[in-house]
Amino acid sequence: MNASKETKYFYLFVFPWIVGFLAFSLYPILTSLYYSFTDYNVVNPAKFVGLKNYKDMISDELFWKSVKATLYYALVSVPVGLFLSLVFALLLNMKVPGKRFFRVAMYLPSMISGAAMSLLWVWIFNPQIGLANYALSLVGIKGPLWLLDEHWAMPSLIIMSFWSVGGGMVIFLAALQGVPASLREAATLDGANFWRRFWSITMPIISPVFLFQLIMSIIGSFQVFTQSFIMTHGGPHYATLFYVYYLYQNAFVNFNLGYASAMAWLLLIVIMLLTYVIMRTSNRFIYYEGGRK
Amino acid sequence: MASTSERKTAAPGRLLGFIVLLVLSIVMLMPALFMISTSFKSNAELLLFPPTLIPKDIRFDNYTTIFEKMELLLYYKNSLLVSGFIVIGTLLSSSYIAFGFVRYRAPGRNALFMILVATLMIPYPATMIPQFVLFKNLGWVDSYLPLIVPAFFGSAYMIFLLRQFFSNLTDELFEAARIDGCSEFRSFWNIALPLCGPALATVAIFSFLWSWDDLLGPVIYLNSNDKYTLPIALAGLSSKFRVVPWNTLMVAAIYTVLPCIALFSFCQKYFVEGISLTGTKS
């Protein structure tokens with residue numbers, strides 16, 4: 001096939017995505033940048049107000065509460081969640097009896113997600129009749145009020161997030177199975193202990209997967225919505241006012257679309273910057289088969 | 001000799017691993033077991049503390065009376081409709097687009113692919129406001145179109161995934177077809193697609209699970225009660241009652257996750273395949 005024909009077919013096939021990208025990604029991103037400099041409520045035409053929305057953000061106490069809540073959640077749930085899913089995967093990668101059962105048991109909770117999971121955990125965290133305080137009472141601890149307590153609401157949601165580590169675990173498990181057994185055996189013969197084998201063989205080989213998981217988890221943790229919407233409504237006392245939930249409220253409850261767009265743009269920039277920084281700094285630690293990309 | 005000494009050191013490690021796994025599995029399964037148990041309880045037993053794992057009075061009728069308490073069937077139908085169209089749209093468009101990215105060299109291809117990968121990072125909240133205004137101007141608010149139509153323009157994630165599968169098909173295959181006079185579209189439809197059955201299954205499963213779970217999109221676009229999808233209906237349930245009927249809520253939650261669990265148990269193979277592709281070949 002000659003080059004011009006090939007070009008023609010390439011664009012014929014990729015055409016829908018280009019249209020979709022322009023209409024549902026590029027156009028919205030640029031428009032929301034414009035909206036972020038306006039006062040806009042859908043009904044009346046957007047009125048240009050310059051940097052007002054961004055200035056308002058700085059003095060908006062709830063905005064800072066939402067930033068704090070989201071960072072709190074991300075800083076704890078992402079590293080601990082990644083650690084747990086890697087440990088679970090390492091355990092499941094051993095030759096133990098009942099492996100299939102264990103894998104299903106730990107992955108199954110990831111199938112109970114979103115709204116259904118939220119309802120279940122509202123019950124679990126019920127201080128009077130819930131499972132959490134029952135489990136604590138077995139070891140003689142009087143449990144907290146969980147979602148009803150300003151200081152415990154966020155830890156509650158973080159604990160709940162660990163219930164879904166099965167998703168990450170399966171990805172790590174797939175990566176671990178790609179580690180050549182011959183390498184590990186050779187290292188064992190050379191006298192390398194478990195830690196040495198883990199840090200010098202396993203970890204470098206699965207490091208690209210680890211990086212991918214890290215970035216995806218961070219992006220995900222910045223976009224928590226369902227838990228706020230169903231379990232806590234941002235409370236108590238704004239303790240779980242997640243960024244995206246507050247953004248949603250500004251946009252679709254208060255119809256303050258200009259302000260919400262400024263928040264949306266900030267979120268986009270932060271996610272892009274973070275991804276870039278992680279990719280750059282991780283370059284040294286990531287091992288790519290067949291040399292550096 | 002080496003093998004016996006290795007077995008000696010490995011055995012205690014394995015036993016410890018087994019015990020840790022057993023404990024972890026029990027901890028992970030407990031919430032789900034209590035979810036099932038609560039769904040079968042009578043109203044009176046709900047208030048017991050400590051909660052019973054096996055209900056004293058097993059109420060199977062909780063699973064039938066729910067249809068009188070809420071219009072579960074209607075929400076089920078709505079959710080199936082939305083997810084069904086999203087799956088069809090994603091399958092058709094993403095495979096079609098991925099085929100283009102793999103099969104043809106053209107100026108701008110690499111740049112476009114870079115853009116595609118970059119869009120993986122764009123959070124939905126960053127685009128949802130202008131999208132809302134766009135769909136509102138089209139008169140699509142309170143319909144399923146804003147949720148369904150974008151799926152027909154390809155999902156970056158799925159295009160990325162399918163591209164990996166398509167790259168495994170050899171050029172010779174398509175060259176042969178071309179010599180036999182097979183058009184490019186036919187070689188996509190009749191050669192590439194049938195060879196990528198497992199990949200398509202993976203795409204279908206994951207786009208179903210994600211759309212089935214989605215709350216933010218439906219919350220923004222669906223206003224009338226009879227159009228609600230299951231997640232909105234569940235969200236509404238939690239705040240509808242003064243005394244929370246946990247048994248009813250758990251029944252509704254179980255009905256909601258049932259299709260996902262069924263998919264998981266019937267298609268485990270595809271889960272593993274899809275996961276290893278999305279996770280490792282990034």
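Chain letters run A, B, ... following the sequence lines, proteins first and then strands; every chain starts at 1. Both backbone and side-chain heavy atoms feed into the values below; hydrogens, waters and symmetry mates do not.
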Does the side chain of Val270(A) come within less than 4.5 Å of Phe222(A)'s, by heavy atoms? yes
Is the closest side-chain heavy-atom distance between Met279(A) and Ile215(A) below 4.5 Å?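 Met279(A) vs Ile215(A): side chains touch.
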[X] versus chain A, the contacting section by heavy-atom distance below 4.5 Å:
{"X": "Leu116(B)", "value": "both"}
{"X": "Ser155(B)", "value": "neither"}
{"X": "Leu230(B)", "value": "neither"}
{"X": "Ser93(B)", "value": "neither"}
{"X": "Tyr255(B)", "value": "neither"}
{"X": "Leu22(B)", "value": "both"}
{"X": "Ala118(B)", "value": "backbone"}
{"X": "Met121(B)", "value": "both"}

If you count heavy atoms of other groups shown closer than 6.0 angstrom to OH of Tyr276(A), is the number above 12?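 At most 12 heavy atoms, drawn from other residues, nucleotides or ligands, come within 6.0 Å of this atom.
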Is the count of non-hydrogen atoms from other residues, nucleotides or ligands lying under 6.0 Å from Phe15(A) atom CZ greater than 12?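 Counting neighbours around CZ of Phe15(A), 12 or fewer heavy atoms of other residues, nucleotides or ligands fall under 6.0 Å, so no.
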What are the residues of residues 128-135 of chain A, in order of number, with any heavy atom under 4.5 angstrom from a heavy atom of chain B?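 The residues closer than 4.5 Å to chain B, in numerical order, are Gln128(A), Ile129(A), Gly130(A), Leu131(A), Asn133(A), Tyr134(A).
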For Ser228(A) and Phe242(A), work out which heavy atoms get closest and say how close.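 Of all heavy-atom pairs spanning Ser228(A) and Phe242(A), the closest is OG-CD1, 3.1 Å.
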Report the C-alpha distance between Leu214(A) and Ile218(A) in whole Å, list the side-chain angles of each, state the deciding distance to 0.1 Å, and finish with yes or no for side-chain contact (heavy atoms from CB on, under 4.5 Å). CA-CA 6 Å; Leu214(A) 176 69; Ile218(A) 292 176; 4.1 Å; yes
ring-ring contact (aromatic ring centres under 6.0 Å, His included) evaluation trace for Phe225(A) with Tyr248(A): CA-CA 9 Å; Phe225(A) 174 75; Tyr248(A) 156 83; 5.1 Å; yes
If I measure from the heavy atoms of chain B, does [X] come under 4.5 Å with its side chain, its backbone, both, or neither?
{"X": "Phe101(A)", "value": "side chain"}
{"X": "Leu173(A)", "value": "neither"}
{"X": "Ala251(A)", "value": "side chain"}
{"X": "Ile219(A)", "value": "side chain"}
{"X": "Tyr11(A)", "value": "side chain"}
{"X": "Phe229(A)", "value": "side chain"}
{"X": "Phe24(A)", "value": "both"}

Of the listed residues ([options]), which shares the most heavy-atom pairs with chain B below a 4.5 Å separation?
{"options": "Met106(A), Lys99(A), Met231(A)", "result": "Met106(A)"}
{"options": "Ala23(A), Ser4(A), Pro109(A), Ala105(A)", "result": "Ala105(A)"}
{"options": "Phe162(A), Trp265(A), Phe21(A)", "result": "Phe21(A)"}
{"options": "Ala264(A), Gly20(A), Gly114(A), Pro16(A)", "result": "Pro16(A)"}
{"options": "Leu119(A), Val96(A), Val14(A), Leu91(A)", "result": "Leu119(A)"}

Looking at chain A, which one of [options] has the largest number of heavy-atom pairs inside 4.5 Å, strictly under?
{"options": "Pro123(B), Gly236(B), Ala252(B), Gly154(B)", "value": "Pro123(B)"}
{"options": "Asn137(B), Val149(B), Ile122(B)", "value": "Ile122(B)"}
{"options": "Leu48(B), Leu47(B), Leu134(B), Ile115(B)", "value": "Ile115(B)"}
{"options": "Pro107(B), Ala233(B), Ser94(B)", "value": "Pro107(B)"}
{"options": "Thr256(B), Val257(B), Leu234(B)", "value": "Leu234(B)"}
{"options": "Val27(B), Ile254(B), Leu24(B), Val20(B)", "value": "Leu24(B)"}

Are Arg163(B) and Phe113(B) in a cation-pi setup, meaning NZ or CZ lies under 6.0 angstrom from the ring centre and within 45 degrees of the ring axis?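 That pair qualifies as a cation-pi contact.
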Before we go on, tell me: are the rings of [X] and [Y] under 6.0 Å apart, centre to centre?
{"X": "Phe172(A)", "Y": "Phe88(A)", "result": "no"}
{"X": "Trp210(B)", "Y": "Tyr157(B)", "result": "yes"}
{"X": "Phe132(B)", "Y": "Phe252(A)", "result": "yes"}

Residue by residue, scan residues 215-222 of chain B and write down, ordered by number, those that have a heavy-atom distance under 4.5 Å to chain A; if none do, write 'none'.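 So the qualifying residues are Leu215(B), Leu216(B), Val219(B), Ile220(B).
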Which residue, Phe185(B), Phe166(B), Phe101(B), Trp189(B), forms the ring pair (Phe, Tyr, Trp, His ring centres under 6.0 Å) with Phe13(A)? Phe185(B)
Would you please test Phe264(B) and Tyr107(A) for ring-ring contact (aromatic ring centres under 6.0 Å, His included) and show each step? CA-CA 10 Å; Phe264(B) 171 66; Tyr107(A) 187 67; 5.1 Å; yes
Does a side-chain N-to-carboxylate-O contact under 4.0 Å join Glu184(B) and Arg178(B)? yes
Quiz question: by atom type and distance under 3.5 Å, do the side chains of Thr232(A) and Gln227(A) form a donor-acceptor pair?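 No, Gln227(A) and Thr232(A) have no side-chain donor paired with an acceptor closer than 3.5 Å.
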Ser39(B) side chain to Asn247(B) side chain, donor-acceptor N/O pair below 3.5 angstrom: no
Please walk me through it: do Tyr40(A) and Tyr34(A) pass ring-ring contact (aromatic ring centres under 6.0 Å, His included)? CA-CA 10 Å; Tyr40(A) 186 42; Tyr34(A) 165 66; 8.3 Å; no
Would you sort out whether Trp246(B) and Leu120(A) count as a side-chain contact (heavy atoms from CB on, under 4.5 Å), showing the intermediate values? CA-CA 9 Å; Trp246(B) 289 110; Leu120(A) 169 62; over 6 Å; no
With sequence neighbours left out, what residues match Glu6(A) under salt bridge (Lys or Arg N to Asp or Glu O under 4.0 Å)?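 Salt bridge (Lys or Arg N to Asp or Glu O under 4.0 Å) check on Glu6(A) returns nothing, list empty.
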side-chain hydrogen bond (donor to acceptor under 3.5 Å, both in side chains) filter on Thr31(A), not counting sequence neighbours, yields none
Any sub-3.5 Å donor-acceptor pair from Tyr243(A)'s side-chain atoms to Met263(A)'s backbone N or O? yes
Chi angles and distances behind the side-chain contact (heavy atoms from CB on, under 4.5 Å) call for Arg109(B), Tyr104(B): CA-CA 9 Å; Arg109(B) 182 179 78 162; Tyr104(B) 308 104; 5.9 Å; no
